[in-house]
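Lettering of chains follows the sequences in order, A, B, ..., and the numbering in each one begins at 1. Quick caveat, the model's predicted, so the values are computed rather than measured. Computed from heavy atoms alone, side chains included, the values below leave out hydrogens, waters and symmetry copies.
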Amino acid sequence: MKIASFNINGIKARAGQLAEWLAEARPDVVALQEIKTVDEGFPAGPFEDLGYRVETHGQKSYNGVALLSRLPLDAISRGLPGDDADEQARWIEADVEGEKGVVRLAGLYLPNGNPAPGPKFDYKLAWMERMRARAAELRALEMPVVMAGDYNVIPTDDDAARPEAWTEDALARPESRAAFRRILNDGWRDGLRERDGSAGLYSFWDYQAGAWPRNNGIRIDHLLLSPQAADRLTGAGIDRDQRGRDKPSDHVPVWVELDL
DNA sequence: ATGGTGGGGAGCCCA
């Protein structure tokens, strides 16, 4: 089972590129972030034509996540538990039925948190603690679970071309890295790192200041695996070439392959 | 130090 994550930065602007990438890469299921539309505005047709079922958790203008799957989905749920007053659409879950077994998949768009310090940074850290609580519940299922998405966290200095430029940024501040490590330390594995190391592998290049031609990238899109998922890991990768296309997202797809 | 580029959707907010 090939599971991917892709922050498409606006599905309406990216439907064509996404459909072409799906036809080439043929992931079984994709977690999308920043669809930036309400559910009714999501252009599902092109993806359904490619055999994908579309499940959205949308929001007007900002955020919004979705799952696209050509395998059966079950037990779909929307929203990160732990704060009924939180209206930001950043979390969606489903069971994905593979040939050899079921994977619980969470697609997530973790808050950016800039400027830090400030209320947005406080929201990010509080959201990460809520995520940690949900992750603990998922891990207790003792089944293959994948949490895939834009984490907006640069885990270590190896995950940035210019780490010194990010030291004060919400993506790399010690509090953000510590919160990410706390989740990992509860028993999750970083799929990209697990496979063949990840130093110098990036998933995001800013639109500004020539970040892409200079390869001034960062790795902030991650797939965290429960132990039962990690035991089935057979491959992982980043589809870096997508960043060089016309009108690209500032993120590229990241993926893992599981024997399931 | 500053400003540089995008998406969404209608004047800025967000990244």
Side-chain angles (χ1 to χ4, degrees), chain A residues 5-21 30-44 46-47 56-66 68 80 86-91 107-128 131 148-155 159-173 175-177 179-180 202-222 240-254:
Chain A
S5 172
F6 193 179
N7 180 323
I8 33 87
N9 189 20
I11 187 59
K12 294 172 187 172
R14 219 73 63 202
Q17 178 187 348
L18 179 57
E20 285 179 27
W21 173 74
V30 189
L32 299 177
Q33 302 86 39
E34 286 206 89
I35 64 174
K36 292 186 172 180
T37 177
V38 293
D39 296 333
E40 307 77 58
F42 193 102
F47 313 115
T56 58
H57 180 38
Q59 180 181 338
K60 182 180 164 70
S61 303
Y62 306 114
N63 312 314
V65 290
L68 273 51
L80 178 64
D86 185 1
E87 296 184 348
Q88 299 191 27
R90 298 178 174 276
W91 187 272
L108 66 109
Y109 177 47
L110 204 149
N112 176 294
N114 280 304
K120 290 186 180 178
F121 191 54
D122 295 341
Y123 174 71
K124 175 179 196 157
L125 296 179
W127 198 97
M128 292 183 82
M131 176 176 170
D150 176 358
Y151 280 69
N152 270 314
V153 174
I154 304 168
D159 302 305
R162 298 185 57 235
E164 69 280 5
W166 296 92
T167 52
E168 300 300 315
D169 193 282
L171 278 59
R173 286 179 67 105
E175 301 95 321
S176 306
R177 287 182 167 176
F180 184 77
Y202 308 130
S203 67
F204 169 94
W205 295 259
D206 201 287
Y207 288 123
Q208 305 179 79
W212 168 245
R214 294 164 196 248
N215 194 28
N216 179 16
I218 53 177
R219 191 174 70 95
I220 56 175
D221 299 273
H222 309 298
R240 172 179 215 288
D241 58 305
Q242 292 296 311
R243 188 62 178 79
R245 301 184 54 137
D246 284 341
K247 303 289 284 181
S249 171
D250 39 7
H251 296 251
V252 297
V254 300

Side-chain donor-acceptor pairs of residues 163-171 of chain A under 3.5 Å, sequence neighbours excluded:
from, atom 1, to, atom 2, distance (Å)
A:Asp169, OD1, A:Asn114, ND2, 3.0
A:Asp169, OD1, A:Leu171, N, 2.8
A:Asp169, OD2, A:Asn114, ND2, 3.3

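- Separating the CG atom of A:Asn216 from the P atom of B:dT5 is a distance of 16 Å, rounded to the nearest angstrom.
- A gap of 24 Å separates the C1' atoms of B:dC13 and B:dA1, to the nearest Å.
- A:Glu34 has its CD atom 8 Å from the C1' atom of B:dC14, to the nearest Å.
- Judged purely by atom type and a 3.5 angstrom limit, A:Ser176 has no side-chain atom pairing as donor or acceptor with the backbone of A:Val153.
- Residue A:Tyr109 is classed as a sugar-phosphate contact, given heavy-atom separations below 4.0 Å to backbone atoms only.
- In this structure, the CG atom of A:Asp206 is 10 Å from the P atom of B:dG6, given to the nearest Å.
- Taking side-chain N and O atoms only, A:Lys60 has no distance below 4.0 Å to OP1 or OP2 of B:dC13.
- With rounding to whole Å, A:Phe204 atom CZ is found 12 Å from B:dG6 atom P.
- Proximity of A:Lys36 to the phosphate of B:dC13: no side-chain N or O atom is located under 4.0 Å from OP1 or OP2.
- A:Asp250 has its CG atom 10 Å from the C1' atom of B:dG7, to the nearest Å.
- For the side chain to side chain contact (heavy atoms under 4.5 Å, CB included) test, residues two or more places apart in sequence or in another chain that qualify with A:Ala148 are A:Ser5, A:Ala31, A:Leu105, A:Val146, A:Leu223.
- With hydrogens and angles disregarded, no donor-acceptor distance shorter than 3.5 Å links the side chain of A:Tyr123 to the backbone of A:Pro111.
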